[in-house]
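Step one of this worksheet: look at the structure below.
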Amino acid sequence: MISPQQVETMIKAELPDAQVQVQDLTGGNDHYQVTVVSSHFAGKGLVQQHQLIYGALQQAISTQAIHALSLKTYTPEAWQATSAS
């Protein structure tokens, strides 16, 4: 198991400017929904954005500390547009 704070820390280690929201979906610290806003996503497609997050969490995923991961990724501009609507 891995805490939401640990998930956030791992992502921020790879994407220092990231704004990260981590939600434990089951209360078991192994199924998460993660929303990440980062300028590192600019010019990248959705798959590439998600690959950055999977890369940051690779150790936790490979050891099955994280069993399920739902991702939402945004550039700051896209997040602003989403928040405004």
Open item on the list: Within the structure provided, determine whether Ser38 and Gln49 are in side-chain contact (heavy-atom separation under 4.5 Å).
Closed with: no
Open item on the list: Ignoring hydrogens and geometry beyond distance, is a side-chain donor-acceptor pair present between Thr9 and Gln6 at under 3.5 Å?
Closed with: no
Task: Ile2 and Asp30, any side-chain heavy atoms less than 4.5 Å apart - done: no
Open item on the list: Is any side-chain heavy atom of Ile61 closer than 4.5 Å to one of Leu69?
Closed with: yes
Task: Residue pair Gln19 / Val36, side-chain heavy-atom distance below 4.5 Å - done: no
- [ ] Report yes if the side chains of Gln21 and Val34 come closer than 4.5 Å at any heavy-atom pair, otherwise no.
- [x] no
Open item on the list: A side-chain contact here means heavy atoms from C-beta on lying under 4.5 Å apart; do Leu52 and Lys44 qualify?
Closed with: yes
- [ ] Without swapping roles, check the side chain of His67 against the backbone of Gln64 for a donor-acceptor pair under 3.5 Å.
- [x] yes
- [ ] Quick one: list whatever passes side chain to side chain contact (heavy atoms under 4.5 Å, CB included) with Asn29, sequence neighbours left out.
- [x] Met1, Pro4, Asp24, Tyr32
Open item on the list: Would you compute the distance between atom CD of Glu77 and atom OG1 of Thr82 and round it to the nearest 0.5 angstrom?
Closed with: 11.5 Å
Task: Path from Ile11 to Val37 over hydrophobic side-chain contacts below 4.5 Å - done: no
Task: Gap separating the OG atom of Ser70 from the CD atom of Gln23, nearest 0.5 angstrom - done: 9.0 Å
- [ ] Determine, step by step, whether Leu15 and Phe41 satisfy the side chain to side chain contact (heavy atoms under 4.5 Å, CB included) criterion, reporting the C-alpha distance in whole Å, the side-chain angles of both residues, the deciding distance to 0.1 Å, and the verdict.
- [x] CA-CA 10 Å; Leu15 305 170; Phe41 298 147; 4.0 Å; yes
